[in-house]
Protein chains: 2
Amino acid sequence: MGDDTRRNMALFPIGIVMKLTDLTARQIRYYEQNDLIQPARTEGKQRLFSFNDVDRLLEIKALIEKGLNIAGIKQVLQLNDPTPVQTEITTTSETKRKEMSDKDLHQLLRQQIMYRNASRHGEGALIRGELSRFFH
Amino acid sequence: MGDDTRRNMALFPIGIVMKLTDLTARQIRYYEQNDLIQPARTEGKQRLFSFNDVDRLLEIKALIEKGLNIAGIKQVLQLNDPTPVQTEITTTSETKRKEMSDKDLHQLLRQQIMYRNASRHGEGALIRGELSRFFH
DNA sequence: CAACGGATGTTATAAAATATTACATGAAAA
DNA sequence: TTTTCATGTAATATTTTATAACATCCGTTG
């Protein structure tokens with residue numbers, strides 16, 4: 001089984017994800033409602049998150065703390081499905097996404113000009129894609 | 001945070017562990033009752049398993065399928081706390097345990113002489129410590 | 001300024017998942 | 001045969017999660 005498969009397996013209930021990300025259930029559900037994440041569900045409709053879901057939530061949180069709103073985060077995460085802006089050369093989709101993220105981030109920050117106090121919650125920067133922050 | 005810490009974090013509820021290991025809740029609880037595992041608990045007393053817990057359960061399952069009983073598994077996993085048989089040279093505890101496991105396993109299999117149909121459930125061998133078997 | 005909308009908190013209620021305990025059972029051991 | 005071990009099953013309580021509605025704080029906008 002590939003590492004990719006492993007990172008996409010639905011493993012964690014929302015309670016664990018709350019601790020892993022320091023987000024409230026309300027926030028996580030709200031982000032899902034706005035299509036920033038699509039966690040799997042159990043037969044009984046309870047959410048089950050993968051490592052990738054958790055990583056994405058950490059990215060979302062970082063962007064929130066930088067003052068982006070949902071629309072901005074969608075841009076950064078390239079969740080703007082209609083007429084996706086294609087890059088000329090096709091790199092691996094993962095790498096491409098990261099590149100785009102940084103580019104769009106600058107653009108968006110400039111666009112939005114100001115951002116509220118960035119480290120409002122006293123949280124340091126997160127190392128994305130590493131699930132490096134755990135527990136309280 | 002070290003990899004060891006990561007593997008010891010309580011993350012999975014019993015329902016997920018059931019799927020990861022193909023064990024029933026009854027079996028998992030019974031093994032806990034017999035001190036083969038000590039999963040963490042939530043505030044509400046619900047079990048939370050780490051990667052290491054899951055790996056251990058996979059080991060237990062493999063031994064069960066080889067015909068060992070709880071006492072035998074305790075021996076193999078070196079959970080026989082009183083008067084632990086010390087090896088002369090102190091290797092890393094992980095490596096030591098693995099060595100002992102294989103040695104004791106042969107000894108125990110010989111001791112118990114016969115073992116019921118080993119692959120009763122049609123399950124292949126497990127790669128221990130790798131969490132390689134997932135889902136149904 | 002007042003109204004509005006976005007992001008989140010809070011509360012209520014229902015449903016799902018898990019815990020514990022007791023009893024049942026098949027097979028192996030004594 | 002009678003026990004014992006490992007597991008199944010059923011009943012009941014508790015915990016966790018889901019959903020929905022309403023509240024609140026705070027920028028933005030008319």
Side-chain angles (χ1 to χ4, degrees), chain A residues 10-49 53 57 60-75 108 111-118 120-121 123, chain B residues 10-49 53 57 60-75 108 111-118 120-121 123:
Chain A
L11 294 173
F12 313 112
I14 200 169
I16 294 295
V17 176
M18 290 171 62
K19 290 187 178 174
L20 293 180
T21 63
D22 239 325
L23 293 169
T24 66
R26 182 67 167 94
Q27 287 177 296
I28 296 169
R29 295 187 189 119
Y30 184 71
Y31 301 152
E32 182 192 28
Q33 202 176 331
N34 285 271
D35 306 308
L36 297 184
I37 42 170
Q38 295 94 35
R41 297 279 184 142
T42 66
E43 266 195 32
K45 307 298 181 192
Q46 297 202 188
R47 273 164 270 252
L48 279 186
F49 299 77
D53 288 327
L57 283 171
I60 292 170
K61 189 190 180 196
L63 294 174
I64 287 280
E65 288 172 352
K66 283 183 177 167
L68 292 236
N69 61 13
I70 302 294
I73 294 172
K74 271 188 193 175
Q75 289 276 333
L108 276 156
Q111 204 170 288
Q112 302 206 170
I113 294 183
M114 47 75 92
Y115 29 107
R116 315 173 257 203
N117 47 340
R120 183 169 18 163
H121 296 99
E123 301 283 342
Chain B
L11 295 173
F12 314 112
I14 199 169
I16 294 295
V17 175
M18 289 173 62
K19 290 188 178 174
L20 293 180
T21 62
D22 238 326
L23 294 169
T24 66
R26 182 67 166 91
Q27 286 177 298
I28 295 169
R29 294 187 189 119
Y30 183 72
Y31 301 151
E32 181 192 29
Q33 202 175 330
N34 285 273
D35 306 308
L36 267 40
I37 42 170
Q38 294 96 37
R41 299 278 185 142
T42 66
E43 269 195 30
K45 303 302 181 192
Q46 299 202 185
R47 271 164 272 252
L48 280 186
F49 300 78
D53 288 327
L57 283 171
I60 292 171
K61 189 192 178 194
L63 295 175
I64 287 279
E65 287 172 353
K66 283 184 176 166
L68 292 237
N69 61 15
I70 302 294
I73 294 172
K74 273 188 192 175
Q75 290 276 331
L108 275 157
Q111 204 171 287
Q112 302 205 171
I113 293 183
M114 49 73 93
Y115 28 107
R116 317 171 255 201
N117 47 341
R120 183 170 19 163
H121 296 98
E123 300 283 344

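Side chains are part of it too, since the values below use all heavy atoms of this structure and drop only hydrogens, waters and symmetry mates. Chain A is the first sequence line, chain B the second, and so forth, proteins listed ahead of strands; every chain is numbered from 1.
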Report the distance from atom [atom1] of [X] to atom [atom2] of [N], rounded to the nearest whole Å.
{"X": "B/Met18", "N": "C/dA19", "atom1": "CE", "atom2": "C1'", "answer": "13 Å"}
{"X": "A/Ile28", "N": "D/dA18", "atom1": "CD1", "atom2": "C1'", "answer": "13 Å"}
{"X": "A/Leu68", "N": "D/dG27", "atom1": "CG", "atom2": "C1'", "answer": "16 Å"}
{"X": "A/Arg29", "N": "C/dT8", "atom1": "CZ", "atom2": "P", "answer": "14 Å"}
{"X": "B/Ile16", "N": "C/dA17", "atom1": "CD1", "atom2": "C1'", "answer": "11 Å"}
{"X": "A/Gln33", "N": "D/dT19", "atom1": "CD", "atom2": "P", "answer": "10 Å"}
{"X": "B/Asn69", "N": "C/dA29", "atom1": "CG", "atom2": "P", "answer": "9 Å"}

Next on the checklist: C/dA7, OP1 or OP2 - any side-chain N/O from A/Tyr30 closer than 4.0 Å?
Outcome noted: yes
Next on the checklist: Is the phosphate of D/dT7 approached by B/Tyr31 (side-chain N or O, under 4.0 Å from OP1 or OP2)?
Outcome noted: yes
Checklist entry - If every non-hydrogen atom of B/Met18 is compared with every non-hydrogen atom of B/Ile28, which pair is closest and at what distance? => result CG-CD1, 4.0 Å
Next on the checklist: Quick check: closest heavy atoms across B/Leu48 and B/Ala10, and the distance to 0.1 Å?
Outcome noted: CB-CB, 3.6 Å
Checklist entry - Who passes side-chain hydrogen bond (donor to acceptor under 3.5 Å, both in side chains) against A/Thr42, sequence neighbours left out? => result none
Next on the checklist: Just to be sure I understand the geometry, which residues of residues 39-47 of chain A put a non-hydrogen atom under 4.0 Å away from DNA chain D?
Outcome noted: A/Arg41, A/Lys45, A/Gln46, A/Arg47
Look for any protein N or O under 3.5 Å of an N or O in nucleotides 8-11 of chain D and output each such pair with its distance, or none.
residue	atom	partner	partner atom	Å
D/dG8	OP2	B/Thr24	OG1	2.7
D/dG8	N7	B/Arg26	NE	3.2
D/dG8	O6	B/Arg26	NE	3.3
D/dG8	O6	B/Arg26	NH2	2.8
D/dT9	O4	B/Arg26	NE	3.4

Checklist entry - Where the side chain of A/Ile64 is concerned, which of D/dA6, C/dA19, C/dT8 is the nearest nucleotide? => result C/dT8
Checklist outcome for this item: For A/Arg47, the salt bridge (Lys or Arg N to Asp or Glu O under 4.0 Å) test, sequence neighbours excluded, returns A/Glu32
